[in-house]
Amino acid sequence: MQIYNTLTRRKEVFTPIEPGKVRMYVCGMTVYDYCHLGHARVMVAFDVITRYLRHRGYDVTYVRNVTDIDDKILRRADENGETISSLTERMIEAMHEDEARLGVLPPDQEPRATRHVDDIIAMVETLIGKGYAYAADNGDVYYRVRKFKGYGKLNNRDLDEMRSGARVEVDEYKEDPLDFVLWKAAKPGEASWPSPWGEGRPGWHIECSAMSKCCLGDTFDIHGGGPDLTFPHHENEIAQSEAANGTTFVNTWMHAGAVRVNQEKMSKSLGNFFTIREVLEHHDPEVVRYLLVASHYRSAINYSPDSLAEARRSLERFYNSLEGLALEGLALEGLALDGGAVDGAGGQVAPEFEARFTAAMDDDFNTPEALSVLFDLARELNRAKKEAAEQAPALAAELRRLGGILGLLQQDPATFLKAGASGLPLTEEEIQAKIAERAAAKQAKDFAAADAIRDELAALGIILKDSREGTTWVFEKPQG
């Protein structure tokens, strides 16, 4: 398995520190508002990564933190006239609701900054003791950036270039404009904790260094996050952690791509900023998840009506392949020990799909290529339904199993396909009445009338499907 490492800027063979085990930390949300599409991108990307690592047999410890104290939280709570804890608890609950709807599995650990203040203070004390930090006269504690020889290695930046191009806030208490805060002295009325430097609260960067150390140790396998965190946040984490612990902080750095809206950067000032729950009011969660999975995790995603419609059509192709089969239990039954599909006689069916899927995902979690394998598998399933019905259940099981590794294709097909029928020209009751009318015509051997009803519905995009169990329907919005 190869993973692109942001630190080395190349793909590397993944070798965990402890054989068979993966320790991964991903920077989570600052909970002052509802999660937006950029958060969804990171949530889903590392959910897929976690699912696949576990599929490959790794024992994964996935940690994703919560920042529940910072300037934005203080301002928003003050604006709302509510306590900090009331705001953060409400936003954390909403975050969990959003991720559950997107099919994102919860992390194994979800540390909160406010519950690790003692650990943060201890790390700051260590940095001061080693000469990497200093307490200023205003009660703040700063990190000496120039003291850490490797500063800038994650982003390939030179300190002098950073200094000349920096837009830094003038601070008379800093020894160097590049120094950053580890501990912030509390202003009157602000939430604070006692410390050796007076009442205050943690800086943002030190939170993750302390929490990751507590949960995963001094060195761990993978650190992930959004595209905007490489600098300064992750650069500062490296400086803090390696200076304090005296060893390599992280072996592999991974960063998800950005979300663009109609080819523009998502921004509140541009009016194209969407929260997850706003999007899910109008779109099936699996459609949104598919859109996020269909691009490589490092690539930018374009969110637009057209891209969502294409995601919907892609999922409909899969569910149309699965529709009409008895799917209950198919994700577990009919599989060979090596993961390949087997038919009713015990013979292996199309083992190449498992191998191709694994090869794609082993190549830096290449989900677009993995999905192309699933489309080939769906085509094989469609062929089997017509020409080799005994193979169809096993192929459907394989499609659902491999799709499940991406967090897809676990719904009942008929339910999904009908859920896409927003804007139906007829109500479901009217459709069922037409189906009953057609059945009566067929019973009376008036096949011309039965065909006319079928054609009438088809013209509206309502496609009837007959089977021994009866007649079902799906909605395929007419083009144009």
Side-chain angles (χ1 to χ4, degrees), residues 7 23 25 27 30 63 65-71 111-155 157-160 162-163 166 168-169 171-186 190-220 223 225 229-251 253:
L7 180 66
R23 288 175 288 157
Y25 183 96
C27 287
T30 301
V63 180
N65 76 292
V66 171
T67 295
D68 59 349
I69 183 69
D70 89 329
D71 290 339
R112 302 185 186 184
T114 57
R115 298 176 182 176
H116 286 266
V117 173
D118 289 344
D119 302 311
I120 292 167
I121 290 173
M123 182 170 276
V124 174
E125 288 183 304
T126 297
L127 290 169
I128 291 175
K130 290 187 172 186
Y132 285 95
Y134 58 94
D137 292 340
N138 63 348
D140 290 350
V141 179
Y142 296 99
Y143 186 93
R144 287 189 175 97
V145 167
R146 293 186 186 274
K147 172 78 172 177
F148 184 70
K149 300 304 181 185
Y151 195 85
K153 60 185 176 181
L154 181 65
N155 293 270
R157 296 191 181 192
D158 178 80
L159 272 178
D160 291 328
M162 280 189 268
R163 174 67 185 90
V168 291
E169 185 178 344
D171 190 333
E172 61 182 300
Y173 298 101
K174 288 184 180 182
E175 293 178 354
D176 187 298
L178 291 179
D179 294 349
F180 59 87
V181 69
L182 300 173
W183 183 262
K184 303 182 74 168
E190 281 187 347
S192 64
W193 289 261
S195 81
W197 318 286
E199 290 286 324
R201 56 188 169 84
W204 175 37
H205 310 301
I206 194 69
E207 295 175 1
C208 286
S209 284
M211 287 187 283
S212 62
K213 176 183 174 72
C214 289
C215 295
L216 299 175
D218 291 352
T219 305
F220 51 94
H223 194 317
L229 297 183
T230 58
F231 187 85
H233 185 54
H234 288 165
E235 198 73 66
N236 290 352
E237 280 190 62
I238 292 173
Q240 295 162 161
S241 296
E242 296 192 355
N245 302 328
T247 188
T248 299
F249 178 36
V250 172
N251 286 346
W253 286 88

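Bear in mind the structure is a predicted one, so any value in this text is a computation, not a measurement.
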Taking atom [atom1] of [X] and atom [atom2] of [Y], what is their separation to the nearest 0.5 Å?
X: Asn245; Y: Leu127; atom1: CG; atom2: CG; value: 8.5 Å
X: Ile238; Y: Gln240; atom1: CD1; atom2: CD; value: 10.5 Å
X: Leu216; Y: Tyr25; atom1: CG; atom2: OH; value: 8.5 Å
X: Asp119; Y: Ile206; atom1: CG; atom2: CD1; value: 11.0 Å
X: Arg144; Y: Leu182; atom1: CZ; atom2: CG; value: 11.0 Å
X: Leu154; Y: Phe231; atom1: CG; atom2: CZ; value: 10.0 Å

Show, in sequence, the C-alpha distance, side-chain angles and deciding distance for Glu175 and Lys147, and conclude whether the salt bridge (Lys or Arg N to Asp or Glu O under 4.0 Å) test is met.
CA-CA 12 Å; Glu175 293 178 354; Lys147 172 78 172 177; over 6 Å; no
Give the minimum heavy-atom separation between [X] and [Y], together with the two atoms involved.
X: Ala113; Y: Met211; value: N-SD, 3.7 Å
X: His205; Y: Pro232; value: CE1-CG, 4.1 Å
X: Trp183; Y: Gly198; value: NE1-O, 3.7 Å
X: Pro111; Y: His116; value: CB-NE2, 3.7 Å
X: Ala210; Y: Met123; value: N-SD, 4.0 Å

Within the structure provided, determine whether [X] and [Y] are in side-chain contact (heavy-atom separation under 4.5 Å).
X: Ser209; Y: Glu237; answer: yes
X: Asp218; Y: Lys213; answer: yes
X: Leu159; Y: Val145; answer: yes
X: His234; Y: Cys27; answer: yes
X: Trp193; Y: Asp118; answer: no
X: Asp68; Y: Arg115; answer: no
X: Phe220; Y: Val250; answer: yes
X: Glu242; Y: Thr247; answer: no

Just by distance, do the side chain of [X] and the backbone of [Y] share a donor-acceptor pair under 3.5 Å?
X: Arg201; Y: Ala191; answer: no
X: Arg23; Y: Cys215; answer: no
X: Glu235; Y: Lys153; answer: yes
X: Asn155; Y: Thr230; answer: yes
X: Thr219; Y: Thr248; answer: yes
X: Glu207; Y: Thr67; answer: no

Could you walk me through whether Ser212 and Val63 pass the side-chain contact (heavy atoms from CB on, under 4.5 Å) check?
CA-CA 8 Å; Ser212 62; Val63 180; over 6 Å; no
Could you go through Phe180 and His233, starting from their C-alpha distance and side-chain angles, then the distance that decides it, and tell me whether this counts as side-chain contact (heavy atoms from CB on, under 4.5 Å)?
CA-CA 10 Å; Phe180 59 87; His233 185 54; over 6 Å; no
Please tell me whether Tyr143 and Tyr134 form a close aromatic pair, meaning their ring centres lie under 6.0 Å apart.
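When the ring centroids of Tyr143 and Tyr134 are compared, they turn out to be at least 6.0 Å apart.
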A quick test of your reading: do over 12 heavy atoms of other residues, nucleotides or ligands sit less than 6.0 Å from NZ of Lys130?
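Buried by this count: over 12 neighbours within 6.0 Å.
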Whether His223 and Phe249 hold their rings parallel, tilted or perpendicular, with breakpoints at 30° and 60°:
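Perpendicular, since the angle between the ring planes exceeds 60°.
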Taking side-chain hydrogen bond (donor to acceptor under 3.5 Å, both in side chains) as the criterion, tell me which of Asp71, Asp140, Asp70, Asn138 meets it with Lys184.
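Result: among Asp71, Asp140, Asp70, Asn138, Asp71 is the only option passing the side-chain hydrogen bond (donor to acceptor under 3.5 Å, both in side chains) with Lys184.
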